[in-house]
Amino acid sequence: MINISDLPVVSRSGDKRICTGTITGHFTVASAVEVMRHKFPPLHWTKKVWHKSIHPSISSNIWKLGRNICATDDNMKKRKFHRVSRCILCRRREETKDHMLWYCNYSEIIWSWLGGIFNFKNPRSFEDIFQLEKNKSPAIKEIWLLCAFVSMKELWFLRDDWTYGKEEVNINATKKRIMKIISDCDIRMKAHMWNSQYDLQVLKSFGLKTRRVESLIIKEVYFQLPSQGKLLLCCDGASRGNPGMTGYGIVGRTHTGEFVVAISGGLGISTNFYAEVFSILIAGEWEIQNEFQELFRTDSRAVKNAFQSGKFPWFTITRWEKICVVVLSWSFTHSYREVNFSADNMAKKGVALGRGEKRVYDSKPSFLGCLESPDQVYFKFC
């Protein structure tokens with residue numbers, strides 16, 4: 001994500017041995033293993049499938065179905081088992097995983113039944129299951145995923161049982177099994193609900209207990225200016241995706257609140273953490289050219305803790321050491337995003353810039369709008 005050749009050499013001290021497998025540059029056996037082992041593209045649904053609210057026996061079967069590890073007719077043909085057959089449940093089309101789970105008449109009845117409870121349309125793919133849960137309360141998301149996974153497992157097991165003559169198709173019996181498993185997993189589900197009629201109706205439909213309701217907490221937050229003689233540099237990073245296109249933003253203020261400087265720059269493809277780190281470095285290097293005692297302010301606790309503990313990324317060590325030699329007095333403070341919106345605005349402007357491109361404003365740009373005021377109360381919703 002970062003080309004080492006693009007980084008300037010700002011220290012003439014002796015060479016240091018750096019392990020690029022870790023952010024801090026210190027060697028660990030775990031980092032060496034991570035560098036050597038072959039990695040496959042990550043799957044975004046793994047954490048949801050193996051969630052603690054889902055019984056492991058269900059998760060293991062859904063994992064196989066998600067990876068298409070099932071002995072359907074189309075998969076058997078790929079292994080040179082040539083046979084022509086129809087779906088064992090509907091006898092209409094060739095048996096495939098997608099047909100069996102989403103398009104078979106029998107499976108559509110099950111999904112329509114669940115859709116009537118959740119007010120969802122029938123899913124047509126594994127991805128649709130995760131799309132349908134959006135904008136719902138954590139409790140509803142938890143119940144829906146459990147219902148969907150149990151239904152997929154039951155449809156697959158029913159296909160096996162009927163194939164080998166163990167059981168006949170019975171819609172009501174399948175529904176009762178799904179309801180029984182969901183009821184048994186009630187103790188595993190801990191997510192909170194919203195205090196809405198919709199949530200209560202879904203819980204009642206499955207005979208589940210009501211969940212705790214987390215009310216919205218409103219906190220008053222204030223913006224504070226630095227003490228006399230110090231410069232406050234509000235820093236922030238932004239990214240479109242993580243990793244994705246990133247940028248940094250900096251806004252400088254004096255102890256009287258007077259605007260000093262605003263900087264935005266692009267970093268190309270990187271992570272949000274690196275963007276936050278680079279905003280501190282750029283702010284410090286700009287400070288070298290001025291005679292202020294510096295106060296860094298960032299809305300990232302991880303970046304603040306990294307610089308204060310000295311465990312920041314290895315490729316920033318020499319640049320930060322040079323800053324510390326010149327700027328003898330500096331400190332970090334954390335602020336909520338609600339009182340760091342100017343730097344956030346500049347960081348978003350930086351995302352649109354090319355890699356290495358930087359814009360410096362000596363006067364407040366018009367798009368920045370109003371700056372944070374110490375006399376105004378801001379609110380944080382959590």
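Numbering starts at 1 and runs along the sequence shown.
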Worksheet item: Within a reach of under 6.0 Å around NZ of K97, are more than 12 heavy atoms found that belong to other residues, nucleotides or ligands?
Response: yes
Fill in: Heavy-atom side-chain contact between L353 and K358 under 4.5 Å
no
Practice prompt. Answer whether the closest heavy-atom distance between the side chains of K134 and Q131 falls below 4.5 Å.
Written response: yes
Worksheet item: Do Y274 and S239 have a side chain donor and acceptor closer than 3.5 Å?
Response: no
Worksheet entry | Exceeds 12 heavy-atom contacts within 6.0 angstrom, atom CZ of R37 | yes
Worksheet entry | side chain to side chain donor-acceptor pair (under 3.5 Å) partners of residues 140-156, not counting sequence neighbours, each pair once | E154-R177
Worksheet entry | Side-chain touch F259/L368, heavy atoms, less than 4.5 angstrom | yes
Item to complete: Could you tell me how the ring of F130 sits relative to the ring of F149: parallel (under 30°), tilted (30 to 60°) or perpendicular (over 60°)?
Response: perpendicular
Worksheet entry | Closest non-hydrogen atom pair, N172 against N170 | N-OD1, 3.1 Å
Discussion item. Salt bridge check, R253 against E372: does any charged N sit closer than 4.0 Å to a carboxylate O?
Written reply: yes
Worksheet item: Charged N to carboxylate O under 4.0 angstrom, R337 versus D236?
Response: yes
Worksheet item: Should F367 and L371 be counted in the same cluster of Ile, Leu, Val, Met, Phe, Trp and Tyr side chains packed under 4.5 Å apart?
Response: yes
Worksheet item: Is there side-chain contact between V150 and C147, with heavy atoms separated by less than 4.5 Å?
Response: no
Discussion item. Using the rule given for side-chain contact (heavy atoms from CB on, under 4.5 Å), can you reason through E127 versus H44, listing the C-alpha separation, both sets of side-chain angles and the distance that settles it, and then say yes or no?
Written reply: CA-CA 10 Å; E127 296 295 330; H44 67 89; 3.0 Å; yes
Item to complete: Provide the closest heavy-atom pair for S53 versus C185 in the form atom of the first, atom of the second, distance.
Response: O-CB, 4.5 Å
Discussion item. Hydrophobic clusters here meaning ILVMFWY residues chained together by side-chain heavy-atom distances under 4.5 Å, can you tell me if I181 and F157 are in one?
Written reply: yes
Discussion item. I'd like to know if the side chain of K190 and the backbone of I187 have a donor-acceptor N/O pair within less than 3.5 Å.
Written reply: yes
Worksheet item: Where the side chain of S205 meets the backbone of Q201, is there a donor-acceptor pair that is under 3.5 Å apart?
Response: yes
Worksheet item: Nearest heavy-atom pair of P374 and L225: which atoms, and what distance?
Response: CG-CD1, 3.8 Å
Worksheet item: Side chains of T96 and M100: does their closest heavy-atom pair fall under 4.5 Å?
Response: no
Discussion item. Whether E357 and R359 form a salt bridge (side-chain N of Lys/Arg under 4.0 Å from carboxylate O of Asp/Glu) is what I want to check.
Written reply: yes
Practice prompt. Determine yes or no for a side-chain-to-main-chain donor-acceptor pair under 3.5 angstrom, with D186 supplying the side chain and I182 the backbone.
Written response: no
Worksheet item: Heavy atoms, side chains only, cut-off 4.5 Å: are W286 and V260 in contact?
Response: yes
Worksheet entry | Closest approach of A343 to C234 (non-hydrogen atoms, all atoms of both residues) | CB-O, 3.4 Å
Practice prompt. Check whether any side-chain heavy atom of M346 sits under 4.5 Å from a side-chain heavy atom of Y361, and report yes or no.
Written response: yes
Practice prompt. To the nearest 0.5 angstrom, please state how far the CD1 atom of I282 sits from the CG atom of L233.
Written response: 12.0 Å
Could you go through residues 375-382 and list every donor-acceptor pair under 3.5 Å that involves a side-chain atom there, pairing it with any protein atom two or more places apart or in another chain?
| unit_1 | atom_1 | unit_2 | atom_2 | d |
| --- | --- | --- | --- | --- |
| Y378 | OH | S373 | N | 2.9 |

Worksheet entry | Hphob cluster co-occupancy, L132 + W194, side-chain heavy atoms under 4.5 angstrom | no
Worksheet entry | Pair E108, Y106: side-chain N/O donor-acceptor within cut-off below 3.5 Å | no
Worksheet item: Which heavy atom in V49 sits nearest to a heavy atom in S59, and how many Å separate them?
Response: O-OG, 2.6 Å
Worksheet item: How about W45 and W63: are their ring centroids closer than 6.0 Å?
Response: yes
Discussion item. If I take atom CD from residue Q228 and atom OG1 from residue T256, how far apart are they, to the nearest 0.5 angstrom?
Written reply: 9.5 Å
Worksheet item: Can you check salt bridge (charged side-chain N to carboxylate O under 4.0 Å, His left out) on K349 and D344, steps first, answer last?
Response: CA-CA 9 Å; K349 292 290 182 181; D344 181 67; over 6 Å; no
Worksheet entry | Student check: side-chain heavy atoms of S107 and L155 closer than 4.5 Å | yes
Item to complete: To the nearest 0.5 angstrom, please state how far the CZ atom of R211 sits from the CD1 atom of I143.
Response: 5.5 Å
Worksheet, complete the sentence: When rounded to the nearest 0.5 Å, the distance separating CZ of F120 from CD of E133 is 8.5 Å
Discussion item. Just checking D184: does its CG atom have more than 12 heavy atoms from other residues, nucleotides or ligands closer to it than 6.0 angstrom?
Written reply: yes
Practice prompt. Kindly assign one of parallel, tilted or perpendicular to the pair H38 and F40, based on the angle between their ring planes and the thresholds 30° and 60°.
Written response: perpendicular
Worksheet item: Say you draw a straight line from NZ of K180 to CZ of F206; how long is it, rounded to the nearest 0.5 Å?
Response: 15.0 Å
Worksheet entry | Value rounded to 0.5 Å, distance of OG1 in T254 from CG in L232 | 9.5 Å
Worksheet entry | Carboxylate-amine/guanidinium contact D199 K204, below 4.0 Å | no
Worksheet item: Would you say Y103 and F126 are hydrophobically clustered, going by side-chain heavy atoms of ILVMFWY under 4.5 Å?
Response: yes
Worksheet item: Between F278 and F315, how do the two ring planes meet: parallel, tilted or perpendicular, split at 30° and 60°?
Response: parallel
Fill in: Within the 6.0 Å centroid threshold, strictly below: Y336 and F223
no
Discussion item. Can you give me the closest heavy-atom contact between T28 and S31, atom names plus distance?
Written reply: O-OG, 2.6 Å
Worksheet item: Do the charged groups of E34 and K39 touch, with an N to O distance under 4.0 Å?
Response: yes
Discussion item. Before you tell me yes or no, could you show the steps for M189 and L146 under side-chain contact (heavy atoms from CB on, under 4.5 Å), namely the whole-Å CA-CA distance, both residues' side-chain angles and the distance that decides it to 0.1 Å?
Written reply: CA-CA 9 Å; M189 295 184 284; L146 176 61; 3.9 Å; yes
Item to complete: Give a yes or no on whether the backbone of L43 and the side-chain of T46 come within a donor-acceptor separation of less than 3.5 Å.
Response: yes
Worksheet item: Do the side chains of I218 and Y222 join up, straight or via other hydrophobic residues, at under 4.5 Å, putting them in one cluster?
Response: yes
Pairs under 3.5 angstrom only: tabulate donor-acceptor contacts from the side chains of residues 242-251 to other protein residues two or more places apart or in another chain.
| unit_1 | atom_1 | unit_2 | atom_2 | d |
| --- | --- | --- | --- | --- |
| N242 | OD1 | N272 | N | 3.0 |
| T246 | OG1 | G268 | O | 3.0 |

Worksheet item: Do side-chain atoms of N340 reach the backbone of C235 as a donor and acceptor pair under 3.5 angstrom?
Response: yes
Worksheet item: Going by the angle between their ring planes, with limits at 30° and 60°, are W111 and W102 parallel, tilted or perpendicular?
Response: parallel
